[in-house]
Amino acid sequence: MENKISDRQFWECAGKLSEGRHLTQEQWRILLEGRSKERQRELARRASDLRDRIYGKRIFIRGLIEFTNYCKNDCYYCGIRRSNKNASRYRLTEEQILDCCRAGYELGFRTFVLQGGEDPYFNDERMAEIIRAIRQEFSRCAITLSIGEKEKESYALFKEAGADRYLLRHETADEDHYRKLHPPELSLSHRIRCLETLKDLGYQTGAGIMVGSPGQTTQTLIEDMEFLERLQPEMVGIGPFIPHHDTPFKGEPQGELELTLYLLSLIRLLLPRVLLPATTALGTIDPMGREMGVLAGANVVMPNLSSENVRGKYLLYDNKIHTGKEAAECLDALRESMKAIGYDVVVDRGDFLREDMK
Ligand code: SAH
């Protein structure tokens with residue numbers, strides 16, 4: 001495919017992206033379709049250099065607490081969708097969540113990410129109460145939420161209670177593609193409105209996609225890149241789509257490792273200061289996925305802090321790693337593997353570095 005796109009065309013677009021200039025759809029197409037091993041290697045090098053210039057050789061860690069796998073939504077790709085009767089459901093109590101934070105703090109985590117399905121049990125009152133308790137005990141840690149679409153009042157309440165950041169992947173910026181991934185009661189416009197609200201409220205906000213989700217095309221990826229450019233999120237989470245055997249997408253192919261790595265580099269170049277995780281899904285499809293993600297431009301890793309007995313139940317997709325390097329207890333192994341590629345796992349909140357803060 002890259003043969004149709006000349007070096008001159010390709011590097012002109014890559015150069016423009018590196019200079020922070022706006023690309024047309026056609027130019028994005030040239031970058032996305034002109035991928036070759038060699039071009040990818042060079043863009044990864046540029047992305048890595050750029051990240052090093054801004055954040056240094058520092059890798060930020062986030063303690064991921066998957067506190068509920070109940071969900072009222074029915075997304076076609078997700079293993080904890082409400083129609084999956086085979087999922088073994090669980091909820092952590094406030095005390096269990098705090099215990100996760102305590103263990104994580106001892107290990108060196110200074111950001112806690114509360115992620116879950118959209119579980120009505122955790123209503124605004126309960127959520128605010130949990131956030132306040134964490135804020136009270138860990139006044140200098142960052143609290144990140146990843147609990148889906150809410151009303152503005154709820155987001156404001158959580159912010160007030162002490163939350164700093166919010167992860168809400170947009171999943172795709174293309175209306176038709178969004179329809180293919182979600183049931184009719186969910187809409188792209190509402191999800192985008194949520195992201196804009198989160199930004200307005202002052203959250204460090206994270207968007208993102210699954211790479212290779214069913215129906216994804218170069219055109220939908222172009223729209224994703226344009227959307228990210230417009231939104232200017234502080235964080236972007238991307239990982240390969242991985243089929244789950246109890247979902248309508250069980251027979252769909254997994255997203256590609258190399259395309260995921262390539263997109264990480266493009267996103268780093270598009271949003272130089274973005275906090276960009278090498279995700280669990282990336283680590284799931286390849287044992288070196290996280291290291292390769294960092295070498296492509298990522299600077300965040302999110303090991304799991306949830307207690308051992310529930311960790312195997314938060315199964316968004318098949319074969320999700322839940323022992324080994326992603327587990328917080330194996331942080332030493334993670335430190336070593338990052339060290340081996342020239343990076344340091346640091347004890348730090350790892351906030352988004354605004355231009356005026358350098
Ligand atoms: N309920 C929250 C958290 C969702 S889980 C929310 O709506 O934001 C976090 C992310 O996991 C999702 O946004 C989705 O992009 C990803 N995910 C879900 N199922 C997946 C699958 N089968 N393969 C890869 N990633 C998946």
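Order of appearance sets the numbers: ligands from 1, and atoms from 1 within every ligand.
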Within 45 degrees of the ring normal and closer than 6.0 Å to the centroid, is that where the cationic atom of Arg39 sits relative to Phe10?
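The answer is yes; both the distance and angle limits are met.
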Just say parallel, tilted or perpendicular for the rings of Tyr155 and Phe158, cut-offs at 30° and 60°.
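Geometry flag for Phe158 against Tyr155: perpendicular rings.
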Give one line per pair: atom of ligand 1, protein atom, distance. Only N/O to N/O under 3.5 Å.
unit_1: ligand 1; atom_1: 1 (N); unit_2: Gly116; atom_2: O; d: 3.0
unit_1: ligand 1; atom_1: 7 (O); unit_2: Arg191; atom_2: NH2; d: 3.4
unit_1: ligand 1; atom_1: 8 (O); unit_2: Arg191; atom_2: NH2; d: 3.1
unit_1: ligand 1; atom_1: 13 (O); unit_2: Glu171; atom_2: OE2; d: 2.5
unit_1: ligand 1; atom_1: 15 (O); unit_2: Arg169; atom_2: NH1; d: 2.9
unit_1: ligand 1; atom_1: 15 (O); unit_2: Glu171; atom_2: OE1; d: 2.7
unit_1: ligand 1; atom_1: 15 (O); unit_2: Glu171; atom_2: OE2; d: 3.3
unit_1: ligand 1; atom_1: 22 (N); unit_2: Tyr77; atom_2: O; d: 3.0
unit_1: ligand 1; atom_1: 22 (N); unit_2: Ile242; atom_2: O; d: 2.7
unit_1: ligand 1; atom_1: 22 (N); unit_2: Leu316; atom_2: O; d: 3.4
unit_1: ligand 1; atom_1: 23 (N); unit_2: Ile242; atom_2: N; d: 3.0
unit_1: ligand 1; atom_1: 23 (N); unit_2: Ile242; atom_2: O; d: 3.3

All side-chain hydrogen bond (donor to acceptor under 3.5 Å, both in side chains) counterparts of Ser139, not counting sequence neighbours:
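Listed in chain order: nothing, the list is empty.
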Just to verify, what does Lys159 make a side-chain hydrogen bond (donor to acceptor under 3.5 Å, both in side chains) with, not counting sequence neighbours?
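By the side-chain hydrogen bond (donor to acceptor under 3.5 Å, both in side chains) rule, Lys159 matches no residue at all.
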Do any N or O atoms from the side chain of Asp164 and from the backbone of Ile143 form a donor-acceptor pair under 3.5 angstrom?
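Yes, because the side chain of Asp164 sits within donor-acceptor range (under 3.5 Å) of the backbone of Ile143.
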Apart from Leu181 itself, what residues make up its hydrophobic cluster, given side-chain heavy atom links below 4.5 Å?
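Listed partners: Tyr76, Tyr77, Met210, Phe241, Phe249.
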